Amino acid sequence: MAQKLEAYFAKYKPKKQELAQAPKMLSYKVDNNKKTLVINADGTFAAQEFSEETTADIYKRVRKAIPKPYRKYAITIITNGMAIEDLVPHRIIRKPGKINLWGDIDYDGKPWVSNASSPIEPTHGLQNRHISLWASHGRYFDSDKGKWKWQRPKLFGTTEDLFTPTIVIPYLIPMLENAGAIVFTPRERDMQKHEVIVDNDDRQQGTRYIEVNSKHEWHNTGDKGFASHNGTYTDGENPFVAGTARMAQATGSKKRYSIISYQPNFPAEGRYAVYVSYQTLENSVDDARYTVWHKGEKTEFRVNQQMGGGTWVYLGTFDFDAGSDEFNRVVLTNQSSRRGVVTADAVRFGGGMGNIERGGQTSGLPRSMEGARYYAQWAGMPYTVYSSRNGTNDYADDINVRSFMTNYLGGGSCYMPTTDGKKVPFELSLAIHSDAGYAKDGVGLIGSLAICTTRFNGGRLNAGISRLASRDLAEALLTNTTRDLQYKYGSWSKRDLLDKNYSETRVPGVPSAILETMSHQNFPDMRYGQDPNFKFTLARSIYKTILRYISEQHGRPYAVTPLTPQNFSIEVSGKGEATLRWQPVDDPQEATSHPTGYIVYTSYGHSDFDNGTYIRGKNSHTVRLDPGVLYSFRVAAVTRGGKSFPTEVLCAMYNPGAEKSILIVNGFQRLASPAVRDNADEQGFDFDADPGVTLGSTGGWVGRQVCFDRDKMGIEDESGLGWSNDDFSGMVMAGNDMDYVRCHAEAIMANKRYNIASCSDEAVESGSVNLSHYQMVDLILGLERNDGHSLKYYKTFSTMMQSQLKDYTARGGAVLASGAYMGSDMQKPAEQQFLADILKFQYTGNSRTRGGSVYGLSTTMQIYDTLNEQHYSVASPEVLRPIWPAFAAMRYPDGRDAGVAYRGADYRSFAMGFPLECIKDAEKRQSIMQGILNFLLE
């Protein structure tokens with residue numbers, strides 16, 4: 001019996017899953033009187049995914065493996081203390097009338113925060129669902145070594161401390177919020193280095209805190225509130241007990257109400273997260289009204305002050321102007337539909353730099369790059385929450401604080417009813433990690449694994465429900481992630497489903513899981529992981545799993561948010577009407593994600609985007625334009641489950657009496673990892689060859705990779721494959737903002753003689769935009785190119801684009817084309833012939849001259865040619881040699897040609913070996929653009 005069972009488990013392999021090692025039988029017990037056989041297998045056997053089919057098959061094969069006399073016995077296989085049939089995920093059990101693990105436990109109050117200005121409200125999404133979510137690790141202070149350090153090794157240009165936030169912050173959190181969720185994260189989510197606080201106790205230089213009293217006056221609450229001081233904070237200091245807070249009786253009046261205005265003094269224009277703070281009192285209202293004014297637009301929020309007082313509460317992230325004015329501020333009123341009080345404390349703008357001193361020094365990095373321990377202190381958590389080791393071990397503190405903070409804020413809610421806390425109704429927590437491990441052949445994928453904890457507190461969570469809810473969550477994450485990545489990219493590895501005693505899965509009082517997304521030590525994994533398109537797919541899979549999990553727990557239908565529309569275009573009529581058109585993008589995996597409507601966001605002049613106009617069903621929208629004003633637009637698709645990410649920004653301007661129209665074409669869609677080295681001797685990312693392109697700014701890079709030696713695979717120090725230096729640490733590197741049409745339009749609009757329209761390159765390639773309607777086409781190519789390693793295909797001049805431009809120039813049209821790879825991306829003979837025939841240049845290499853100077857059009861301009869935080873850069877601008885009768889119109893300091901101009905009897909063109917938007921000075925860009933316009937159109 002023993003040998004047969006041992007042999008069965010030793011040879012056992014689950015389908016489509018890689019276990020870390022072969023499982024083992026630990027023991028078995030036969031009861032001949034009761035005719036039962038109980039088999040105990042090790043934890044490895046539990047690390048697989050069970051279904052009703054697989055468990056039935058396991059029992060069938062075990063019966064065949066044991067001696068005949070025992071085959072009719074009642075057999076039970078135990079692993080990790082549970083029968084394998086009990087490990088079948090609840091979500092896939094087909095038993096009629098099954099009861100959801102949450103049962104009838106559900107939160108039915110108002111959400112912590114809601115956007116009252118949103119034109120849509122999801123009905124089949126994550127509305128009124130509160131989630132605690134974090135990216136792993138972060139910079140911490142090592143008290144033994146007396147210095148700040150990363151928690152994980154610096155490999156392939158990053159470290160887990162920085163890599164996982166590049167999945168969570170730009171992709172996963174927005175996806176959940178677009179579906180209606182309220183997401184809390186115990187690490188700072190805003191990479192903005194500046195921080196401005198406006199408070200009744202501490203007036204920072206240039207800020208304005210103003211109270212206006214009406215029938216009910218503002219006065220102190222009598223409890224301690226927030227106050228900051230200059231300099232750093234030492235261990236144990238709590239800024240949320242250093243000052244006072246204010247309160248006023250609530251009123252339902254629309255005319256007689258009191259306000260508090262928080263007007264910051266921004267050191268620089270940019271995007272800033274907005275956090276508010278208040279106190280939760282016995283009679284607090286659940287709909288405190290905050291208005292955020294951002295570049296003249298306003299967005300209204302309702303905050304449920306019956307929960308979450310005494311900490312920073314995130315409202316949203318907005319664009320603000322530099323300086324201090326009333327069009328960039330936050331206003332709180334004492335208006336409410338409830339009887340009670342409205343409380344007020346500080347308002348914070350921006351993530352800021354780390355200000356927690358450890359060992360006599362701060363990290364010197366943005367707060368967003370630090371561990372959760374330090375954010376928790378700044379957010380007013382009790383010392384026992386962020387320093388369970390009493391200041392002796394920040395590493396352990398940082399691991400624990402993520403869960404402790406979740407429990408502290410969620411205690412007292414319906415999901416954690418037996419503990420004291422701030423009553424935020426979190427119903428699950430999730431930690432996003434990456435893992436160690438490597439494939440010795442340098443080719444294989446390590447892939448994903450998931451972790452949960454079921455054997456703790458008698459197998460129960462705080463509300464009394466089974467901890468198998470955590471296993472269900474972990475299993476769904478692992479299964480869906482693997483399925484979605486394999487569907488999209490053809491391959492991905494599924495690893496173990498571990499049931500282990502980890503702090504992040506043991507401590508939370510609600511269902512919790514860790515998803516080890518991939519191995520940061522394995523280059524084949526990181527080739528995928530550093531591609532922004534992969535990060536989007538991974539994050540979307542995680543979001544969909546959370547959506548399904550929560551919806552199924554409460555027995556509610558759901559719809560998946562749609563994908564971003566494409567073929568976006570704007571045409572301007574002679575009567576001043578702008579017609580916006582777009583096309584939906586269906587997700588073949590998600591039938592419920594087909595759009596039912598759209599949101600059109602509008603920016604007027606220099607103002608920020610408004611909150612959007614909902615368009616039901618139609619794929620077009622018409623707007624009347626005020627003369628001489630630049631309008632900017634973007635579009636998001638909508639389902640009952642929420643909204644998509646928005647399109648790129650397109651622009652339109654109407655000038656009465658204009659005789660010519662210009663079409664700006666956005667051909668810079670590329671998102672990519674840095675250049676890849678992957679051959680018999682080397683593996684890694686080469687930042688100097690090509691730093692890649694992220695979606696917006698990123699703090700995800702630690703430094704250039706310095707070791708590419710495949711023979712040093714698996715070594716985690718300076719001599720190991722992938723080891724990277726620190727030259728990017730603390731840098732929030734600029735990426736693709738998808739907003740360069742506006743940059744070009746602003747340069748064009750200084751000349752009031754033209755109408756401006758715009759479109760995506762897809763709209764030109766598909767023929768939905770007719771180039772012949774325009775006297776000039778301005779083609780933005782940025783860092784677009786087919787780099788050979790990206791998961792998505794990009795091309796400067798696709799075959800269809802070439803055809804459209806050939807037809808356009810044959811009709812006498814004028815073309816401006818600027819980009820960093822126009823020549824090097826067109827290497828086939830036919831492609832080179834296109835450049836020679838249409839743009840009149842030959843690519844002859846790159847300028848390596850440092851300093852960023854370009855000469856031409858009777859001026860000198862500086863361009864972004866090194867990695868920086870303000871704008872994406874061009875490391876090696878291209879040299880374009882003119883083909884007669886074209887001539888050189890710009891030159892680099894080394895004397896080689898940077899721009900080529902052609903003015904023929906047939907048509908005109910101007911080509912630049914660097915993107916026009918990379919010219920640093922806005923006035924200089926306008927000057928250059930005006931010179932080009934004169935050349936091409938006058």
Side-chain angles (χ1 to χ4, degrees), residues 17-22 136-137 139 142 145 147 149-164 166-167 433-449 485-486 489-496 516-532 534-535 538 672-692 694 698 700-729 731 733 787-791 867 875-876:
Q17 188 173 0
E18 295 290 335
L19 297 181
Q21 59 191 24
S136 54
H137 307 294
R139 192 80 164 180
D142 186 331
K145 296 184 178 180
K147 65 178 183 179
K149 57 190 289 190
W150 300 113
Q151 296 188 39
R152 293 295 183 265
K154 299 177 295 180
L155 299 173
F156 302 116
T158 190
T159 172
E160 183 182 355
D161 310 59
L162 300 176
F163 171 65
T164 52
T166 67
I167 301 167
H433 285 248
S434 60
D435 201 3
Y438 65 97
K440 294 182 180 180
D441 62 1
V443 176
L445 291 166
I446 300 301
S448 305
L449 70 80
L485 294 178
Q486 288 177 347
Y489 303 113
S491 64
W492 193 250
S493 293
K494 180 192 293 185
R495 298 166 63 199
D496 298 354
E516 299 278 5
T517 54
M518 68 196 72
S519 172
H520 52 248
Q521 192 182 15
N522 193 51
F523 182 67
D525 283 40
M526 294 304 286
R527 270 195 75 164
Y528 281 101
Q530 290 294 14
D531 190 303
F534 180 89
K535 293 177 183 179
L538 174 61
S673 75
V676 168
R677 291 195 208 172
D678 196 0
N679 52 56
D681 301 314
E682 296 181 310
Q683 278 189 333
F685 297 111
D686 187 342
F687 285 81
D688 291 324
D690 180 358
T694 60
T698 182
W701 299 118
V702 69
R704 289 176 172 85
Q705 184 175 334
V706 294
C707 180
F708 292 83
D709 189 349
R710 285 180 64 144
D711 291 338
K712 302 299 179 64
M713 197 179 297
I715 301 172
E716 292 192 1
D717 60 23
E718 291 85 348
S719 65
L721 172 65
W723 190 260
S724 305
N725 60 28
D726 275 311
D727 52 339
F728 299 148
S729 286
M731 184 176 179
M733 195 179 298
D787 55 37
H789 64 263
S790 289
L791 295 172
L867 296 173
S876 301

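Because the structure is predicted, anything quoted here is derived from the model rather than measured.
- Asp531 is linked by a salt bridge (charged side-chain N to carboxylate O under 4.0 Å, His left out) to nothing, counting only residues two or more places apart in sequence or in another chain.
- Rounding to the nearest 0.5 Å places NE2 of His520 at 6.0 Å from CG of Leu155.
- Residues passing the salt bridge (charged side-chain N to carboxylate O under 4.0 Å, His left out) test with Lys494, sequence neighbours excluded: Glu49.
- Pairing each heavy atom of Gly444 with each of Asp441, the nearest pair is N-OD1, 3.0 Å.
- Contact detail for Pro691 and Pro674: the closest heavy-atom pair is O-CG, 3.5 Å.
- Remark: Met731 CE to Thr698 OG1 distance equals 10.5 Å, nearest 0.5 Å.
- Remark: Phe687 pairs with Trp701, Phe728 by the ring pair (Phe, Tyr, Trp, His ring centres under 6.0 Å) rule, at least two apart or across chains.
- No hydrogens or angles considered: a donor-acceptor pair under 3.5 Å links the side chains of Lys535 and Gln530.
- Shown here are the ring pair (Phe, Tyr, Trp, His ring centres under 6.0 Å) partners of Phe534, two or more places apart in sequence or in another chain: Tyr489, Trp492, Tyr528.
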Working note: Thr166 + Thr694, criterion side chain to side chain contact (heavy atoms under 4.5 Å, CB included); need CA distance, chi angles, decisive distance, verdict.
CA-CA 9 Å; Thr166 67; Thr694 60; over 6 Å; no

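- Within the 3.5 Å criterion, the main-chain N or O of Ser519 finds a donor-acceptor partner in the side chain of Asp525.
- Among residues two or more places apart in sequence or in another chain, the side chain to side chain contact (heavy atoms under 4.5 Å, CB included) test is passed with Ser136 by Glu160, Thr164, His433.
- Taking CZ of Arg527 as the start and CG of Leu445 as the end, the distance is 10.5 Å to the nearest 0.5 Å.
- Partners of Lys147 by salt bridge (charged side-chain N to carboxylate O under 4.0 Å, His left out), not counting sequence neighbours: none found.
- A distance-only check finds no donor-acceptor pair linking the side chain of Ser790 to the backbone of Gly788 [under 3.5 Å].
- For the ring pair (Phe, Tyr, Trp, His ring centres under 6.0 Å) test, no residue two or more places apart in sequence or in another chain qualifies with His789.
- The CG atom of Leu485 lies 9.5 Å from the OG atom of Ser491; values are rounded to the nearest 0.5 Å.
- One finds no salt bridge joining Asp161 and Arg152 here, because no Lys/Arg side-chain nitrogen approaches an Asp/Glu carboxylate oxygen to under 4.0 Å.
- Scanning both residues, Phe685 and Met526, for their nearest heavy atoms gives CZ-O, 3.4 Å.
- Residues passing the ring pair (Phe, Tyr, Trp, His ring centres under 6.0 Å) test with Phe156, sequence neighbours excluded: Phe523.
- Remark: the backbone N or O of Ser448 is not paired with any side-chain donor or acceptor of Glu516 at under 3.5 angstrom.
- Side-chain atoms of Asn522 never come within 3.5 Å of backbone atoms of Gly437 as a donor-acceptor pair (strictly under, hydrogens ignored).
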Evaluate the criterion salt bridge (Lys or Arg N to Asp or Glu O under 4.0 Å) for residue pair Arg495 and Glu18; output intermediate values, then yes/no.
CA-CA 5 Å; Arg495 298 166 63 199; Glu18 295 290 335; over 6 Å; no

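- Within the structure, every pair that satisfies the salt bridge (charged side-chain N to carboxylate O under 4.0 Å, His left out) test and touches residues 704-721, not counting sequence neighbours, is listed here: Asp678-Arg710, Asp688-Arg704, Arg704-Asp727.
- Taking all atoms of both residues into account, the shortest heavy-atom contact from Ser673 to Pro532 is N-CD, 4.0 Å.
- Asp681 is linked by a side chain to side chain contact (heavy atoms under 4.5 Å, CB included) to Asn679, counting only residues two or more places apart in sequence or in another chain.
- Here the NE2 atom belonging to His137 is positioned 11.5 Å from the CG atom belonging to Leu162, to the nearest 0.5 angstrom.
- With sequence neighbours left out, Ala20 forms a side chain to side chain contact (heavy atoms under 4.5 Å, CB included) with Asp496.
- Applying the side chain to side chain contact (heavy atoms under 4.5 Å, CB included) test to Ser729 and every residue at least two apart in sequence or in another chain returns Trp150, Val702, Asp726.
- Between Val676 and Asp686, every side-chain heavy-atom pair lies at or beyond the 4.5 Å cut-off.
- With values rounded to the nearest 0.5 angstrom, Ile446 atom CD1 is found 8.5 Å from Asp435 atom CG.
- A heavy-atom distance below 4.5 Å is found between the side chains of Leu721 and Gln683.
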